[in-house]
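Take a look at the structure below.
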Protein chains: 2
Amino acid sequence: MKPYIDILKNKGLKITPRRKAIIDIFVNCHKHLTSEGVWSLLSNEFDKCGLPSVYRNLETLVECGILTRIQQFDRKKHYGLCTEHHNHPHHHITCISCGKVEELGACEMDNKRIIKGYKVVNHFMQVNGICAGCSK
Amino acid sequence: MKPYIDILKNKGLKITPRRKAIIDIFVNCHKHLTSEGVWSLLSNEFDKCGLPSVYRNLETLVECGILTRIQQFDRKKHYGLCTEHHNHPHHHITCISCGKVEELGACEMDNKRIIKGYKVVNHFMQVNGICAGCSK
DNA sequence: ATTATAAACAGAAATAATTTCTATTTAAGG
DNA sequence: CCTTAAATAGAAATTATTTCTGTTTATAAT
């Protein structure tokens, strides 16, 4: 929790109750959640919490490297906690059964600057699987 | 053109003017296009062409392996022609300047069945860059 | 502590990609 | 040429996300 707060502070962003609550949700559940998923969990805590605030904060937290964001084909953005490597781009594997997220090691693409004559600008990878616990 | 038509035939799908026109668009432009991009190009050819038909056909062509589909963070699905390897999953690099698409070689993830205890179900990778032509 | 201020907020409304529904048309085999 | 299931058009619905406006609040300076 503390290190995430520090990241916000270092970037000059305010430590608001909403932001702390959102980070707390991810710290405790270690799953990927949609914006609406976060919103409904927040509603347990706050009588009033606007969905636009959730969207705004999730994006802010992604920009800080606190959350990672993936875009599946369901038209929804999914967010999850980055537990390490905030300063390096990296990828995640997500359990399609329980939603758990873990970071993957280095990607072969990470160090490539040129591929087939293309200057690499960015790349995304998303791996979906079934975790050991859910496989049983 | 012909091989794509054959793929449709082999799957028992009808060879309709819309489908031929959509494939033709991709064969001629070799770029990733959004559903609406395809639709507006189709409008040059057909007075009437429903957007729902475009969506349906694009998805059908993806299922056949004729097109590839990527989901960027702009909330739009992007489609491009698969010029080879219809029967194997593979990834693409897209030029963010001109939209050109090329296939990437094998991905290190392709042969992995288990990672960190997860049974790998599927994975997506999208690489964006600037092609040699656009770099000049 | 108090206050000033820019950032963050709630809520309503707008936006826009995609999907659904229904009735009509058409490709393709017999 | 017919038959029929698949494909189509168009309208309407759905829904994730964004925008807008006015209000509140965290934070830093007093």
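Here the structure is a predicted model, which means the values were calculated and not measured.
At least one side-chain heavy atom of A/L81 sits less than 4.5 Å from a side-chain heavy atom of A/Y4. B/H91 is not listed as a side-chain neighbour of B/V127, based on a closest heavy-atom distance of 4.5 Å or more. With a 4.5 Å cut-off on side-chain heavy atoms, B/L8 and B/I23 count as touching. Annotation: side chain of A/H123 is in contact with side chain of A/C107 (closest heavy-atom distance under 4.5 Å).
The shortest distance between the side-chain N/O atoms of B/T16 and the OP1/OP2 oxygens of C/dT26 is not below 4.0 Å. Within the 4.0 Å cut-off from OP1 or OP2 of C/dA8, not a single side-chain nitrogen or oxygen of A/R56 is found. Residue B/Y55 has a polar side-chain atom (N or O) positioned under 4.0 Å from OP1 or OP2 of C/dT18.
A/K76 comes within contact range of the sugar-phosphate backbone alone, with a heavy-atom separation under 4.0 Å but no base atom that close. Backbone-only contact: B/P17 has heavy atoms under 4.0 Å from sugar-phosphate atoms and none from a base. Among the heavy atoms of the strands lying under 4.0 Å from A/S35 are primed sugar atoms or P, OP1, OP2 only; no base atom is included. Residue contacts for A/R18: at a heavy-atom cut-off of 4.0 Å it reaches the sugar-phosphate backbone alone, with no base atom in range. Note on A/K48: only backbone sugar-phosphate atoms sit closer than 4.0 angstrom, heavy atoms only; bases stay farther off.
What separates CG of B/L42 from C1' of D/dT8 is a distance of 13 Å, to the nearest Å. In this structure, the CG atom of B/L13 is 16 Å from the P atom of D/dA5, given to the nearest Å. If you take CG of B/D74 and P of D/dA16, they are 17 Å apart, rounded to a whole angstrom. Between the P atom of D/dT25 and the NZ atom of A/K20 lies a distance of 14 Å, rounded to the nearest Å. In this structure, CZ of B/F46 is placed 13 Å from C1' of D/dA9, rounded to the nearest angstrom. As rounded to whole Å, 18 Å separates atom P of C/dA16 from atom NZ of B/K77. The CZ atom of A/R19 sits 9 Å away from the P atom of D/dT27 (whole-angstrom rounding). Spacing between atom CD of B/E59 and atom C1' of C/dT19 amounts to 11 Å, rounded to whole angstrom units.
Under 3.5 Å, the side chain of B/R75 and the base of C/dA17 form no donor-acceptor pair of N or O atoms.
Each of B/P52 and B/I15 was assigned the nucleotide of DNA chain C with the nearest heavy atom; the assignment lying further toward the 5' end belongs to B/P52. Of the two residues contacting DNA chain C, namely B/H78 and A/N57, the nearest-nucleotide position lying further toward the 5' end is that of A/N57.
Judged purely by atom type and a 3.5 angstrom limit, B/K116 uses its side chain to pair as donor or acceptor with the backbone of A/E103.
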